[in-house]
Amino acid sequence: MTKTVALLVGSLRKDSINRRLAKALEKLAEGKLTFTEVNIGALPHYNEDLWENVPASVTELKQTVEAADAVLVVTPEYNRSFPGVIKNAMDWASRPYGKNSWSGKPAAATGTSGGAIASAVAQSHLKSELLNQNMVVMHQPEAYVQWKEEAFAADGSITDESIRKFLQAYVDAFARFVEKHG
Ligand code: FNR
């Protein structure tokens, strides 16, 4: 049976290469994992007062995470860390106190950028945050993907064979990790 994954993409722009990477991973995971992307762009900035009348986007985030077997975050690097939209989502679903939706979920972080370090620092910071939320984090294998436009087709397929094999191995390892810890 396929396991379900709540997907967070750390970029809100429509042509995001991180969303394209997420789509490619989703395609490689077919038959093993099914992804549901959470619309983290719809979340307001964290504000404790909003719990009096909980925003629909917060309810959707918490329900999607709680219903999922695992969490995958695909993130760009912003100024040597992960973007604030991800931290905001982490904060929302960690509350109310004692009702942390992330706790105990198997999780992985990956990401891409055009630069040579390919989101490595962002992923490192993000993994600390996932651990802080009491998630069970897959540390190996890691996937730091330097974006090559010609390697990723619009339909989510990967045309570069070595990148496809590398990411297939990554997805397969995550599926096994979710099976073991989910
Ligand atoms: C960046 N970018 C970037 N890249 C990187 O390798 N290290 C970094 O520290 C940063 N810092 C950074 C800050 C801000 C505010 C922006 C907007 C961008 C470049 C970034 O990785 C690139 O724009 C990616 O294409 C963003 O991913 P999406 O939006 O295409 O998914």
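Atoms within a ligand are numbered from 1 in the order they appear, just like the ligands themselves. Side-chain atoms are counted along with the backbone in the values below, which use heavy atoms only and exclude waters and symmetry mates. Quick note: residue numbers are just sequence positions, from 1.
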Applying side-chain hydrogen bond (donor to acceptor under 3.5 Å, both in side chains), can you list everything that pairs with Gln168, at least two apart in sequence or on another chain?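 With sequence neighbours excluded, Gln168 shows a side-chain hydrogen bond (donor to acceptor under 3.5 Å, both in side chains) to Asp172, given in chain and number order.
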Please identify each residue that fulfils ring-ring contact (aromatic ring centres under 6.0 Å, His included) with Phe35, with sequence neighbours left out.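 Phe35 satisfies ring-ring contact (aromatic ring centres under 6.0 Å, His included) with no residue once adjacent residues are dropped.
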Once ring-ring contact (aromatic ring centres under 6.0 Å, His included) is applied, do any residues pair with Trp147, and if so which ones, sequence neighbours excluded?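 Scan of Trp147 (ring-ring contact (aromatic ring centres under 6.0 Å, His included), adjacent residues dropped) gives Phe152.
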Charged N to carboxylate O below 4.0 Å: is that the case for Arg164 and Glu161?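 Salt bridge present between Arg164 and Glu161.
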Aromatic contact, Trp92 with Trp102 (centres under 6.0 Å):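 Aromatic pair excluded; centres sit 6.0 Å or further apart.
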Per-ligand residue contacts, ligand 1, heavy-atom threshold under 4.0 Å: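 Ligand 1 pocket, heavy atoms under 4.0 Å: Ser11, Arg13, Ser16, Ile17, Asn18, Pro76, Glu77, Tyr78, Asn79, Arg80, Ser113.
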Of Ser16, Ser113, Pro83, the residue whose pairing with Pro76 passes side chain to side chain contact (heavy atoms under 4.5 Å, CB included):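 Filter result, single survivor: Pro83.
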